[in-house]
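Below you'll find the structure, written out as structure tokens, and then a few comments.
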Amino acid sequence: MGSKGKMTDYERRRLENIQRNNEMLAALKVRSKLNDLSAASAKRTRGEIKSYKPGSVKKPRTETPLVLRRSLRARGVPPDASTANGLDDDVDIEKQINKSRTMDSKSLPNVSPRKQGPIRMQDSFCGEDGLENKLSELAKRCSQKVLMNGNGLISSDSIDIIKGCKSSKIGKKLWGHVEELELKPENIARVVPGRIMNLRFFPTQDMQMVAVGNKSGDIGFWHVNDKDEDGDGIYLYHPHAGPVSGIVIDPFSVSKMYSSCYEGFIRMMDVEKEVFDMIYYSEYCIYSIALSAHDVNSLYFGEGRGGFDKWDVRTGKSSLSCDLHGDRINTIDFNSDTENIMATSSTDGTACIWDLRLMKKHKTTPLKIINHKRAVHSAYFAPSGKFLATTSYDDKVGLTSGANYESTSMVPHYNQTGRWLSTFRGIWGWDDSSIYIGNMKRGVDVISVDERRVVSTLQSDILSAIPCRFDPHPYNVGVLASATSGGQVYIWTQP
DNA sequence: ATTGTCGTTACAGAC
DNA sequence: GTCTGTCCACGACAAT
């Protein structure tokens with residue numbers, strides 16, 4: 001820790017960023033308002049679940065016979081020998097996309113997401129025709145208005161909680177009524193078509209906005225209803241050509257939302273320029289992406305079969321590239337308490353804890369290896385950094401603790417999600433007391449860290465599918481978003 | 001040692 | 001309510 005001392009500059013910068021965030025949110029809020037207008041004509045019956053563009057949706061582009069680019073790294077071919085083949089792959093994919101476009105051009109966005117360089121947001125917008133321009137114009141105007149007012153700093157108490165994304169207190173219980181989370185009908189929406197791979201709350205307190213990535217390259221945004229608003233507030237974009245493997249948002253600057261995709265792109269949504277900018281392009285599949293609160297100018301991501309990269313966003317250059325695992329890296333997470341400590345989970349059956357300072361191009365030794373019997377789908381540090389929770393296909397949730405993470409205990413949990421669901425990942429809530437994870441019987445299991453077992457299951461009559469992926473709200477304790485393979489998002493709240 | 005195929009599983013949409 | 005198409009996770013096993 002010890003961050004209190006050097007806080008002055010840091011604090012100021014953060015406050016500035018928070019203000020900027022509020023401005024952008026206000027801009028997005030206008031989009032939401034505008035959608036209300038279109039929703040009026042959509043004749044949504046009362047009580048029906050909110051959805052992206054009911055009835056008027058341009059057909060999801062899932063029919064595209066997209067051939068995922070083959071990872072040379074995944075094939076064990078050294079990157080050096082890859083150039084020629086990689087180009088061939090490119091041509092093939094472009095052909096595939098073009099072919100399908102001529103077959104049914106109306107069902108596709110105006111721009112092929114496989115195109116390198118920025119994609120204009122309006123071109124990848126999947127709402128009604130004519131709406132996309134209005135949205136942008138209004139967003140800009142509103143953004144300026146808020147600039148003049150300059151309101152909306154959040155309380156210092158909240159800042160404490162937010163610090164470093166989720167670091168907060170050292171294992172202190174923030175909240176003890178986990179099992180009382182409830183689901184309200186207005187907190188349900190179908191945000192994207194098809195299977196959700198990833199969801200993320202925008203790190204803002206006043207307003208709840210979720211970004212959702214699905215299997216077919218769509219990213220949907222849902223502005224969860226305020227009291228004074230009754231529209232759907234759902235916006236669907238198509239910035240990627242394959243499964244969206246990760247979404248991360250700079251905790252200090254909401255306008256920087258990065259998304260990664262299996263077909264090798266990392267993009268950043270830039271609301272000012274109204275584009276999904278291309279940050280990085282790879283020959284390999286990108287399976288995971290992460291940001292460290294200690295260094296928001298670096299993107300960390302898992303590439304191909306076990307590859308790991310650190311990318312400097314400002315210089316646009318790789319600052320580290322190495323092989324950490326024998327198979328795809330499913331998650332990357334940082335210890336919010338101890339800088340430079342990172343955890344990865346991999347399909348090779350292990351989760352590893354690393355010291356970034358000891359990373360080398362060849363043969364980096366992990367500080368700790370947690371062994372599972374099957375693929376490990378996630379490895380996340382507790383808010384305090386004292387525990388690591390690993391979730392594996394071997395039907396175990398591992399809890400690793402100790403000064404040097406020397407002891408691991410395995411909590412049984414059924415994780416056979418099969419082919420149609422996104423794999424389960426046990427996530428931490430707002431303190432070190434519990435872990436949330438999907439349950440095949442349409443619920444959310446709560447694992448008590450103290451008791452090392454499932455102590456309760458959140459259930460609801462209006463939860464009509466299995467929640468696979470989760471995100472706890474980074475500011476609002478007790479607000480938990482869950483996502484299903486049918487494109488729905490359910491937001492649990494405290495009564 | 002690598003590549004291919006198949007079985008498993010849940011959900012939406014069409015009837 | 002029932003049936004069908006989905007189809008990029010993974011492991012087991014067969015085929016190269």
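Labels below follow one simple rule: chain letters A, B, ... track the order of the sequence lines, proteins then strands, and each chain is numbered from 1. Note that the structure is a prediction, hence the values are computed from the model and not measured. Side-chain atoms are counted along with the backbone in the values below, which use heavy atoms only and exclude waters and symmetry mates.
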Nucleotide nearest I466(A) (side chain, heavy atoms from C-beta), chosen from dA10(B), dG11(C), dA9(C):
dA10(B)

Selected nucleotide, minimal atom distance to R374(A) side chain, candidates dC10(C), dA12(C), dC11(B):
dA12(C)

Hey, do the aromatic rings of F387(A) and Y405(A) have their centres closer than 6.0 Å?
no

Using the C1' atom as the reference point in each nucleotide, state the distance between dC8(C) and dG13(B) in Å, no decimals.
22 Å

Could you check whether R328(A) makes a cation-pi contact with Y287(A), meaning its NZ or CZ is under 6.0 Å from the centre of the six-membered ring and within 45° of the ring axis?
yes

Checking base pairs now: Watson-Crick or wobble, both atom distances under 3.5 Å. What partners dC7(C)?
none

Exercise: do D395(A) and N415(A) side chains pair donor with acceptor under 3.5 Å:
no

Could you please name the option among dT8(B), dG11(C), dC8(C) that lies closest to any side-chain atom of K215(A)?
dC8(C)

Which is it for F470(A) and Y436(A) under the ring pair (Phe, Tyr, Trp, His ring centres under 6.0 Å) test, yes or no, and what are the steps along the way?
CA-CA 8 Å; F470(A) 301 89; Y436(A) 302 87; 7.5 Å; no

Over all strands shown, is S422(A) touching base, sugar-phosphate only, or nothing at heavy-atom distances under 4.0 angstrom?
nothing

Looking only at side-chain atoms of R419(A), point me to the closest of dC10(C), dC7(C), dA12(B).
dC7(C)

Between CG of L421(A) and P of dA12(B) the distance, given in whole Å, is 11 Å

Counting heavy atoms from C-beta on, name the nucleotide in dC8(C), dT8(B), dA12(B) closest to the side chain of R195(A).
dC8(C)

Between atom CZ in R442(A) and atom P in dT9(B), what is the gap in whole Å?
15 Å

Among dT6(C), dC10(C), dC11(B), the one nearest W420(A) by side-chain distance:
dT6(C)

